[in-house]
Amino acid sequence: SLRAASGKGSPALVLAALGIPKDDPRYPPLKAEFLSYYSEMPAARSALFPGIAAMLASLCKQGCRIGVVTNKPFALAERVLRALSLAEEIQVLIGCDSPGAALKPRPDSLLTALKRFDALPDEAVYIGDSASDCTAAHAAGLPCALVRWGYMPEPPESATPDFIASVPSDLLTWRPA
């Protein structure tokens, strides 16, 4: 399904929608067309999940620094954040094409975000909505919370997260061991 592929980057979306793998010669122009269309309206059918704005405001008020690591290209992710009025809350944004980045589940992007924050893994947490998020976080030495909303097709318990949030406000009380 497209929903299951949507957190895995454009290669997974092109494969799920058209059956065209990344190594197929037809892939590059199809990916370019997809990204062109998506960049025209990156948040046209997007909305924040209920409680996200309040949770982010509370975290910022507590002095938390917030970053986003995504499998989207940087410019596209930046446009989505602006369209959803989230750009002010985000201090670090790492896209799949940012220097030092790699598609999750590889930990490279998370490690790059830690460097930009000048932080160690035990000074940060990673919150995601997929098994690849959990895998990347643990490979980077970060505690990981998975959320019950978002794109994860399987129950979060199957990915062995350190914490599971049912609603955004659950994340305000999580204190990793």
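Residues take their numbers from the sequence shown, with the count starting at 1. All figures in this text were calculated on a predicted structure; none of them were measured in a lab.
- Both Ile90 and Leu76 belong to a single network of hydrophobic side chains, linked directly or stepwise wherever heavy atoms of I, L, V, M, F, W or Y lie under 4.5 Å apart.
- The same ILVMFWY cluster, assembled from side-chain heavy atoms under 4.5 Å apart, contains both Met55 and Val68.
- With hydrogens and angles disregarded, no donor-acceptor distance shorter than 3.5 Å links the side chain of Ser58 to the backbone of Ala54.
- Atom CG in Asp118 sits 8.0 Å away from atom CD in Glu123 (nearest 0.5 Å).
- Nearest heavy-atom pair, Cys60 versus Ile66, reported as atom, atom and distance to 0.1 Å: SG-CD1, 3.7 Å.
- Side chain of Asp133 to backbone of Ser130: a donor-acceptor contact under 3.5 angstrom is found.
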Step-by-step side-chain contact (heavy atoms from CB on, under 4.5 Å) determination, Ile127 to Leu171: CA-CA 9 Å; Ile127 300 162; Leu171 296 165; 3.9 Å; yes
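- Distance alone, capped at 3.5 Å, is enough to place a donor-acceptor pair between the Lys104 side chain and the Val69 backbone.
- Counting only distance, with no hydrogens or angles, the side chain of Arg148 and the backbone of Ile164 share no donor-acceptor pair below 3.5 Å.
- Of the possible donor and acceptor atoms, one in the side chain of Asp170 sits under 3.5 Å from a partner among the backbone N and O of Ser166.
- Judged by distance alone, with hydrogens and angles left aside, the side-chain atoms of Ser36 form no donor-acceptor pair with the main-chain N or O of Ala32 at under 3.5 Å.
- Shown here is Gln62, whose CD atom has more than 12 heavy atoms of other residues, nucleotides or ligands within 6.0 Å.
- Atom CZ of Arg106 sits in a sparse spot, with 12 or fewer heavy atoms from other residues, nucleotides or ligands closer than 6.0 Å.
- Residues Phe34 and Val80 share a hydrophobic cluster, clusters being chains of Ile/Leu/Val/Met/Phe/Trp/Tyr side chains in contact below 4.5 Å.
- Proximity of Tyr27 to Leu18: side-chain heavy atoms (C-beta onward) are nowhere separated by under 4.5 Å.
- Panel note: side chain Ser109, backbone Ala102; a donor-acceptor pair is recorded below 3.5 Å.
- Looking only at side-chain heavy atoms (C-beta outward), Leu114 and Leu120 stay at 4.5 Å or farther from each other.
- Note: Trp174 and Phe163 have parallel aromatic rings, judged against thresholds of 30 and 60 degrees for the angle between ring planes.
- Taking 4.5 Å as the limit, some side-chain heavy atom of Leu146 sits within range of a side-chain heavy atom of Cys144.
- Contact of the Val125 side chain with the Leu142 side chain is not registered, since no non-hydrogen atoms from C-beta on lie closer than 4.5 Å.
- Counting only distance, with no hydrogens or angles, the side chain of Ser98 and the backbone of Ala101 share no donor-acceptor pair below 3.5 Å.
- The main-chain N or O of Phe74 is found under 3.5 Å from a side-chain atom of Asp97 such that the two form a donor-acceptor pair.
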